[in-house]
Amino acid sequence: MAFVVKVPLHSRYSACRPHNNLLNPFSELKVGKSVGTRLNLRAPCGRRFTVAVASNQVHSVDVAPAVEPKNVGIPIMFQVNGCTGKMGRAVLEAAMAAGLNPVPVALGGPEDAGKILDFGGKQIEVHGPTDRESILSSTFKDYPDLIVVDYTVPTAVNGNAELYCKVGVPFVLGTTGGDRELLYKTVDDSKVYAVISPQMGKQVVAFLAAMEIMADQFPGAFSGYNLQVMESHQAGKLDISGTAKSVISCFQKLGASFELDKVQLIRDPELQMDMVGVPEEHLAGHAFHMYHLTSPDGTVSFEFQHNVCGRSIYAEGTVDAILFLAKKVKSNADKRIYNMIDVLREGSMR
């Protein structure tokens, strides 16, 4: 007899997913062979919004009606993706819908300098890197309650953090990569308030926390078990996600032997739709992860999975991080560097 123990999806997801009794869903995860009938991971579509690019470089986005505004300004620092960066847009939309007020200034790469964003009638001018320190300093002077949100690229992480620390502005950093040890040292030395987390999805963070607790309290519980990992992300993401690395690390502590080069990275759009079940409209932005453990004799199996369509989960988590950090700044809290676990433990999420 074999058992499949699954971590349930969000109720909206599970309602859309037929029950599959998979003894080993990875047995047919091979290029060119569809297992859509066995790996039917279809998830509902999240909120969508449209970006219209006009010839005068004004980018217009429809935003949901806002609730009562809160006294927090949010300049979205973005680079490479420019003023139409998908994560930056998602955060602006979520923040404005939550009643937060974006300041009329943002920083970007040289290709974005001079562009203007129009979000729900609020225009945001993008400045290039040449004058970013003076722009950020003057903006912080005009908006002393400012919280900066950073969704840029790994190569910009340390330079941006140094800028925020030099100016003294609190910030939420959701960008992955960079020299993390140097990053924390820079922030710690400056005593600037910051929330730093490569994973902003609250529910995913809670899952990771649960995995870490299990690994710490029950080391070796899965000794001898065979671990298989599959993750599907948009084609532009070529590396293994930080979330997968964290989960794998927990399973290793639990006794499962696994090497990172064994992760099955699904990046081909056809395979993502047919084999993994990613909705076509979310091929450009999704994160489907599955972790499958099998006992040495093959009689017991465990499956953990989390599927994310779109970017709203990260944007909403970022908004909670902004509100959390604003409270810490206002209360002059002794602790200065936080992560999303701290945000979760605060218990004040929307």
Any heavy-atom pair between the side chains of [Y] and [X] that's under 4.5 Å?
X    : Y    : answer
L146 : V148 : yes
M230 : V263 : no
T294 : Y225 : no
K237 : D239 : yes
S301 : H292 : yes
F304 : L293 : yes
I124 : P102 : yes
F171 : V195 : no

Same apolar cluster: [X] and [Y], side chain cutoff 4.5 Å:
X    : Y    : value
L265 : L260 : yes
V157 : Y184 : yes
I213 : F207 : no

Residues [X] and [Y]: side-chain donor-acceptor under 3.5 angstrom:
X    : Y    : answer
T243 : Q199 : yes
N158 : R180 : no
H286 : S232 : yes

If only atom types and distance count, is the side chain of [X] paired as donor or acceptor with the main-chain N or O of [Y] below 3.5 Å?
X    : Y    : result
S295 : T299 : yes
D342 : N339 : yes
D131 : S134 : no
Y193 : G168 : no
Q228 : Y291 : no

Taking all atoms of both residues into account, what is the closest heavy-atom pair of [X] and [Y], and its distance?
X    : Y    : answer
V319 : A98  : CG1-CB, 3.9 Å
L344 : A206 : CD1-N, 3.7 Å
V192 : P170 : CG1-CA, 3.9 Å
V300 : D297 : N-OD1, 4.5 Å
A94  : A315 : CB-CB, 3.9 Å
A215 : C250 : CB-O, 3.6 Å

Could you tell me whether [X] and [Y] have a side-chain N and a carboxylate O separated by less than 4.0 Å?
X    : Y    : result
E125 : K115 : no
E316 : K202 : no
D118 : K122 : no
D189 : K191 : no

Salt bridge (Lys or Arg N to Asp or Glu O under 4.0 Å) between K327 and E346, intermediate numbers included = CA-CA 11 Å; K327 287 173 59 179; E346 188 81 0; 3.6 Å; yes
Going by the angle between their ring planes, with limits at 30° and 60°, are F222 and F302 parallel, tilted or perpendicular?
->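 Plane angle over 60°, so perpendicular.
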Using the ring of each side chain (for Trp, its six-membered ring), is H233 parallel, tilted or perpendicular to H289, with breaks at 30° and 60°?
->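 Taking H289 first and then H233, their aromatic rings stand perpendicular (interplane angle over 60°).
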Using a cut-off of 6.0 Å, state whether more than 12 heavy atoms not belonging to D261 lie near its atom CG.
->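 Above 12, so yes.
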Is it true that atom NZ of K335 has more than 12 heavy atoms of other residues, nucleotides or ligands lying nearer than 6.0 Å?
->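 It does: K335 NZ has more than 12 such atoms within range.
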ring-ring contact (aromatic ring centres under 6.0 Å, His included) evaluation trace for F251 with F258 | CA-CA 8 Å; F251 281 126; F258 190 81; 9.1 Å; no
Would you sort out whether D188 and R336 count as a salt bridge (Lys or Arg N to Asp or Glu O under 4.0 Å), showing the intermediate values?
-> CA-CA 8 Å; D188 186 52; R336 298 301 174 103; over 6 Å; no
Under the side chain to side chain contact (heavy atoms under 4.5 Å, CB included) criterion, do V126 and E111 qualify, and how do the steps go?
-> CA-CA 10 Å; V126 182; E111 70 280 5; over 6 Å; no
Option passing side-chain contact (heavy atoms from CB on, under 4.5 Å) with T318 (candidates V149, V343, D150) |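 Testing each of V149, V343, D150 against T318, the sole residue satisfying side-chain contact (heavy atoms from CB on, under 4.5 Å) is V149.
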Could you check E231, Q234, Q272 and say which one makes a side chain to side chain donor-acceptor pair (under 3.5 Å) with R267?
->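 The residue from E231, Q234, Q272 that satisfies side chain to side chain donor-acceptor pair (under 3.5 Å) with R267 turns out to be E231.
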